[in-house]
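All values below were derived from every heavy atom in this structure, side-chain atoms included, with hydrogens, water molecules and symmetry-related copies excluded. The structure displayed is predicted, hence computed values, not measured ones.
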Amino acid sequence: MDEQSSQQLLQAATDFANYPGSHSDDSATDFLNRFPLPLIINALQTQFDVPGLETTLVVCLERLFKTKFGASLIPQYMQFVQVGLQSDSQAVRSLACKTVTSLLENLDNSYTVAAHLIKEFNIYPLLLDCLINGNEEVAAGAIDAIKKLASFSEGLDIIFPSTKGGDTDLGIIASQCSSLGRVRVLALVVKLFSVSTSAASAICSLNLLKLLEAEIRSTDDTLVTLSVFELLYELAEVEHGTEFLSKTSLFQLLSSIISDDSKDSILRSRAMMISGRLLSKENTYSFIDEPCAKSVISSIDGRLQSLDPSNKDEFETALESLGQIGLTIRGAKLLLSGTSPAARHAIDAAFDRQGPERHGRQLAALHALGNISGETRSENDVILDAEAEENLLRLLYETASRSSKLTPSGLFLSVLQQDSEIRIAGYRMISGLVSRPWCLMEICSRQEIINIVTDPSTETTKIGMEARYNCCVRINKSLTQSSRVSADPAFAGIAAKLQEAVGLGPYLHHRKRVEAQPIVMTADRF
């Protein structure tokens, strides 16, 4: 290709690559009629001396193969894909990985054909090599392609063949990699795990999840451990994750890290966050036994008891993890069980105002208490068992008696008299607690609380208005359902005020509607 032709191709490819919208099959066809695909591929492989040509052609081909017409041509150029995956150019390797993804996305469910092409041109081992040895963009492209391959059974058979061992065995590959390579292999395992229960089952049967545990146990590199923790957090988000994770020793590992004083604070914090996420799902308790969950809660409880007050980040994380666990009725019951319930930390910190440095701790504690008391749970799951409810009542009254407020209503009011962030958390806490008759009595006995939650002008942000209004609705509903309180003439005025506030909605700032008035004035002139 002469210099003039190269420049013409560069200009046309630039226009195609920078086109602001999505390309249609017609535009792809027009482009390839002017510059056939073999010509473009040849230029990509030979015209190294033309500035900007490689980068432009890579983007151009990437967009071309995303069209239906362009993707239909990929099976004819699998040798180019094969060579591209082995290229010295990271940009070309990235393009090749994305081309495999385009191929798998546009075969109209012809999975047998796709599997045949992947096998015939030895694509999967080359994708693994890109994952381990490519730069960050190439590794991400390889993971996307392999994840797409795992989305159908024929592709899953390529990734997890019936015979173990070989150059595509992820366990063997991980054992031979650098720390960065191992983290990338583990990231692939997590991505594959999320694809389907079939993929997750294959991963578990090959003990690949234990690679994550082994990496955490064996390394002293904090950055590597944090990377693996990020992957565990991602696993905890997978819908079917808990069923399979419960078959590992992950919970025991997390408990031991949380309790280990020699570990970095950030590692303990991440372990607590992952534990909270796992135990925030109701179905978790269908797969793990109660002692396992109690062990995790006990380790968090222990950290909160032993933490130095100056370590506010870890303290707040521990409180947040308790709040996550308290999202479910089973978790809330465990947090409020025993003679010294773990939830006491949230209750103590929720009403502790000793200096601005405690603001974050109080905020985390109030949100945690809102979760534990049932603000986010369905109406039938708010009230806990007798032991938990008794402990919740006892802890709140004990906390009040040790303060200058003396009663829970005094504590609630002090929260609602603080800044907006604290008030919003306070609304959530009251919304959860007010379903209990004793709390309803405390709220209704304090006119100042009623005034705050019924005043539309109290909050100025959307989230604040909605939190205040939801709190008002919850109090009104509890009052309506309580025959004892609603029948008391002393509370008739409060009931009327609540009903009126509920009728106004969350966003109305004035009781009387003010119509917009046009203002007639001389127009400004430049």
Side-chain angles (χ1 to χ4, degrees), residues 1 9 13 17 36-50 52-66 70-71 73-107 113-150 154-155 157-161 165-170 172-178 180-185 187-189 191-192:
M1 181 180 289
L9 173 59
L37 199 50
L39 178 72
I40 300 173
I41 293 172
N42 178 262
L44 189 61
Q45 293 173 332
T46 61
Q47 300 295 308
F48 304 114
D49 56 339
V50 181
L53 183 62
E54 180 185 86
T55 302
T56 302
L57 290 182
V58 163
V59 178
C60 175
L61 286 172
E62 182 183 332
R63 298 198 66 183
L64 180 69
F65 289 140
K66 283 184 178 179
L73 301 176
I74 297 174
Q76 304 170 41
Y77 293 92
M78 287 301 292
Q79 192 169 4
F80 160 69
V81 177
Q82 185 184 49
V83 172
L85 290 171
Q86 302 171 78
S87 173
D88 292 333
S89 166
Q90 296 294 320
V92 173
R93 294 184 91 180
S94 176
L95 169 64
C97 291
K98 292 175 181 177
T99 303
V100 175
T101 303
S102 295
L103 168 73
L104 298 173
E105 287 177 340
N106 291 280
L107 276 178
V113 174
H116 173 74
L117 290 170
I118 297 296
K119 286 179 181 178
E120 182 182 358
F121 291 91
N122 201 38
I123 298 298
Y124 179 57
L126 296 177
L127 287 172
L128 288 177
D129 182 68
C130 287
L131 168 70
I132 296 163
N133 298 313
N135 63 16
E136 189 173 342
E137 184 181 359
V138 171
I143 285 181
D144 288 342
I146 296 171
K147 185 178 176 182
K148 193 66 185 178
L149 182 63
E154 294 88 345
D157 291 339
I158 294 173
I159 298 170
F160 302 116
D167 58 356
T168 61
D169 188 303
L170 295 179
I172 294 175
I173 292 173
S175 67
Q176 298 171 346
C177 284
S178 64
L180 174 60
R182 284 198 304 277
V183 170
R184 288 181 173 181
V185 172
L188 174 62
V189 169
K191 293 295 185 183
L192 292 175

Quiz item: Is Glu136 atom CD crowded by more than 12 heavy atoms from other residues, nucleotides or ligands, each under 6.0 Å away?
Solution: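 For Glu136, atom CD is not crowded (no more than 12 foreign heavy atoms under 6.0 Å).
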What are the two closest non-hydrogen atoms of [X] and [Y], and how far apart are they?
{"X": "Phe65", "Y": "Asn106", "result": "O-ND2, 4.5 Å"}
{"X": "Val59", "Y": "Ala17", "result": "CG1-CB, 3.6 Å"}
{"X": "Ser87", "Y": "Ser89", "result": "OG-N, 3.0 Å"}
{"X": "Cys97", "Y": "Val138", "result": "SG-O, 4.0 Å"}
{"X": "Arg184", "Y": "Ile143", "result": "O-CD1, 4.4 Å"}
{"X": "Val185", "Y": "Leu170", "result": "CG1-O, 3.8 Å"}

Quiz item: By side chain to side chain donor-acceptor pair (under 3.5 Å), which residues pair with Thr101, not counting sequence neighbours?
Solution: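 With neighbours one apart ignored, the set is empty.
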Practice problem: Please name all residues satisfying side chain to side chain donor-acceptor pair (under 3.5 Å) with Ser94, sequence neighbours left out, ordered by chain then number. | Solution: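 With sequence neighbours excluded, Ser94 shows a side chain to side chain donor-acceptor pair (under 3.5 Å) to Glu137, given in chain and number order.
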Quiz item: So Phe80 and Leu37, side chain to side chain contact (heavy atoms under 4.5 Å, CB included) or not? Walk me through it.
Solution: CA-CA 11 Å; Phe80 160 69; Leu37 199 50; over 6 Å; no
Self-check item: Test side chain to side chain contact (heavy atoms under 4.5 Å, CB included) applied to Val100 and Ile146, step by step
Solution: CA-CA 9 Å; Val100 175; Ile146 296 171; over 6 Å; no
I need the [X] [atom1] to [Y] [atom2] distance, nearest 0.5 Å.
{"X": "Leu64", "Y": "Thr99", "atom1": "CG", "atom2": "OG1", "result": "9.5 Å"}
{"X": "Ile172", "Y": "Asp167", "atom1": "CD1", "atom2": "CG", "result": "9.5 Å"}
{"X": "Arg93", "Y": "Asp129", "atom1": "CZ", "atom2": "CG", "result": "5.0 Å"}

Self-check item: Intermediate values then yes/no, side chain to side chain contact (heavy atoms under 4.5 Å, CB included), Leu57 and Leu9
Solution: CA-CA 9 Å; Leu57 290 182; Leu9 173 59; 4.1 Å; yes
Per-pair distances, 0.1 Å, donor-acceptor, side chain in residues 113-123, under 3.5 Å, sequence neighbours excluded:
| from | atom 1 | to | atom 2 | distance (Å) |
| --- | --- | --- | --- | --- |
| His116 | NE2 | Glu120 | OE1 | 3.1 |

